[in-house]
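Accompanying notes for the structure given below.
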Amino acid sequence: MSHKIYELIAQGEHIHQDFKYEIEDAHKIAKSIVAFANTEGGRLLIGVKDNGRIKGVHSDEELHMAEAAAEVYSVPEVHFDIRRWSIEGKEVLEIYIPKSKNRPHFVKNQKGPNKAYVRVDDMNIAVNKVMLAFWELEKKPKDKEFLFSENETKLFDYLKDKGQISFSKYCRITNLHFEEAANRLAKLLLWEVVDLDLSEKGCFYTINPKKIQD
């Protein structure tokens, strides 16, 4: 007999879905909650192993931990919807986190600066200064034009030669301070002049062929 949970599990883990065997640490689960809120939204299925097998949970306990993750360890607070599923005599907790209109959300860190995360495929990846600057620009009216300078010329020449560039390399070739470099790259992202390639290997920027012609 078909069941909605089986259909969801069959999709596996991806940019909009994550399986959790259980919630042992509210701080750790906050990374997933924040990442979904900062990206395109998604769901956590609590009580499901990585291989898709249903283990089940005590939903009241798991819900309490999830609420702590969203309310205490997420800055600002992340709102989510919940649903309890009964299947195979076990209970699975579905936590749906919509895309936030109030991003960026950060995970509170008592030993250092708070960190923001995004969802990339089936992983939660920490973002850098450029993405934070991009989110701030999103909240403001877009400039009518973006004037290219010598810094952009150096960037485009490098990208045409090498194909991609890291943030630190961009700072070196332009001799810009981190804050100014982040703001200029963020503007190029906003104007879709460059694209962002973010993965567990790092963060790189590539030229958008639709915007820049030889």
Side-chain angles (χ1 to χ4, degrees), residues 11-18 30-43 74-75 78 97-107 109 112-214:
Q11 297 174 14
E13 295 180 303
H14 50 75
I15 190 171
H16 299 119
Q17 183 165 276
D18 199 4
K31 290 183 180 180
S32 293
I33 291 175
V34 160
F36 281 130
N38 283 337
T39 314
E40 299 176 1
R43 69 174 58 82
S74 301
V75 183
V78 175
I97 304 101
K99 178 180 178 179
S100 177
K101 296 180 180 179
N102 196 32
R103 65 184 187 180
H105 294 269
F106 296 83
V107 175
N109 186 354
N114 297 341
K115 290 186 178 181
Y117 294 82
V118 291
R119 189 78 175 168
V120 179
D121 297 327
D122 61 348
M123 298 176 293
N124 304 320
I125 306 291
V127 302
N128 63 6
K129 289 180 178 292
V130 178
M131 184 57 68
L132 295 178
F134 173 80
W135 283 330
E136 289 304 313
L137 288 175
E138 275 190 325
K139 300 175 183 178
K140 303 175 182 178
K142 189 175 181 181
D143 294 335
K144 293 182 179 180
E145 60 181 0
F146 181 84
L147 299 177
F148 289 171
S149 68
E150 181 183 353
N151 295 313
E152 280 67 49
T153 300
K154 291 179 180 178
L155 171 63
F156 300 148
D157 288 344
Y158 185 93
L159 289 176
K160 288 175 183 178
D161 181 40
K162 303 295 184 180
Q164 66 178 22
I165 192 170
S166 66
F167 177 62
S168 60
K169 184 65 176 181
Y170 173 71
C171 292
R172 288 197 295 273
I173 68 170
T174 60
N175 200 32
L176 289 172
H177 184 271
F178 284 173
E179 294 296 334
E180 177 63 20
N183 288 332
R184 296 200 73 84
L185 267 182
K187 283 187 178 181
L188 290 173
L189 284 172
L190 187 69
W191 281 81
E192 299 179 341
V193 175
V194 297
D195 293 327
L196 172 64
D197 182 10
L198 183 63
S199 72
E200 60 182 340
K201 295 181 180 180
C203 182
F204 298 93
Y205 303 88
T206 60
I207 201 163
N208 184 342
K210 295 180 181 179
K211 293 289 183 177
I212 302 296
Q213 303 295 328
D214 291 330

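Note that the structure is a prediction, hence the values are computed from the model and not measured.
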Electrostatic pair Arg119-Glu40, nearest N-O below 4.0 angstrom: no

Heavy-atom pair with the smallest gap, counting every atom of Leu132 and Ala116: CD2-CB, 4.1 Å

Flag side-chain contact, heavy atom, 4.5 Å: Leu185 against Leu155: yes

Side-chain heavy atoms of Asn208 within contact of Val194, under 4.5 Å: no

Minimum-distance pair of heavy atoms, taken over all atoms of Ile33 and Ile97: O-CG2, 3.8 Å

Heavy-atom side-chain contact between Val120 and Ile15 under 4.5 Å: no

Pairwise side-chain contact, Ile165 with Phe204, heavy-atom cut-off 4.5 Å (strictly under): no

No-hydrogen, no-angle side-chain donor-acceptor test under 3.5 Å, Ser32 and Asn124: yes

pair Tyr205-Asp195: side-chain heavy atoms closer than 4.5 Å: no

pair Phe146-Leu190: side-chain heavy atoms closer than 4.5 Å: no

NZ/NE/NH1/NH2 to OD/OE distance under 4.0 Å, Asp18 and Arg43: no

Considering all heavy atoms, the nearest Thr39-Arg103 contact: O-NH1, 3.7 Å

For Phe167, ring-ring contact (aromatic ring centres under 6.0 Å, His included) partners two or more places apart: Phe178

NZ/Lys140: more than 12 non-hydrogen atoms of other groups inside 6.0 Å: no

Flag, side chain of Asn38 to backbone of Tyr117, donor-acceptor distance under 3.5 Å: yes

For Cys203 against Asn128, the heavy-atom pair lying closest together: SG-ND2, 3.8 Å

Approximate separation, where rounding is to 0.5 Å, of Glu200 CD and Asp121 CG: 9.5 Å

Under 3.5 Å donor-acceptor, Asp161 side chain and Asp157 backbone: no

Cationic N near anionic O, under 4.0 Å, Glu180 to Arg184: yes

Validation row: Pro104, Met131 side chains within 4.5 angstrom (heavy atoms): no

Minimum heavy-atom distance Gly163-Thr206, with the two atoms named: O-CG2, 3.5 Å

Trp191/Lys142 under side-chain contact (heavy atoms from CB on, under 4.5 Å): CA gap, chis, key distance, verdict: CA-CA 9 Å; Trp191 281 81; Lys142 189 175 181 181; 3.6 Å; yes

Pairwise distance CD(Gln164) to CG(Leu196) - rounded to 0.5 angstrom: 11.0 Å

Centroid separation Tyr158 to Phe156 less than 6.0 Å: no

Where Leu159 and Ile207 come nearest, the two heavy atoms and their spacing: CD1-N, 3.8 Å

Spacing of Leu188 atom CG and Phe148 atom CZ [to the nearest 0.5 Å]: 6.0 Å

CG-OG distance between Asn102 and Ser100, expressed to the nearest 0.5 angstrom: 5.0 Å

Under 3.5 Å side-chain donor-acceptor pair for Glu150 and Thr153: no

Worked verdict on Asp122 versus His14 for side-chain contact (heavy atoms from CB on, under 4.5 Å): CA-CA 4 Å; Asp122 61 348; His14 50 75; 5.6 Å; no

Approximate separation, where rounding is to 0.5 Å, of Ile125 CD1 and Lys115 NZ: 11.5 Å

Side chain proximity check, Tyr170 to Lys154, heavy atoms < 4.5 angstrom: no

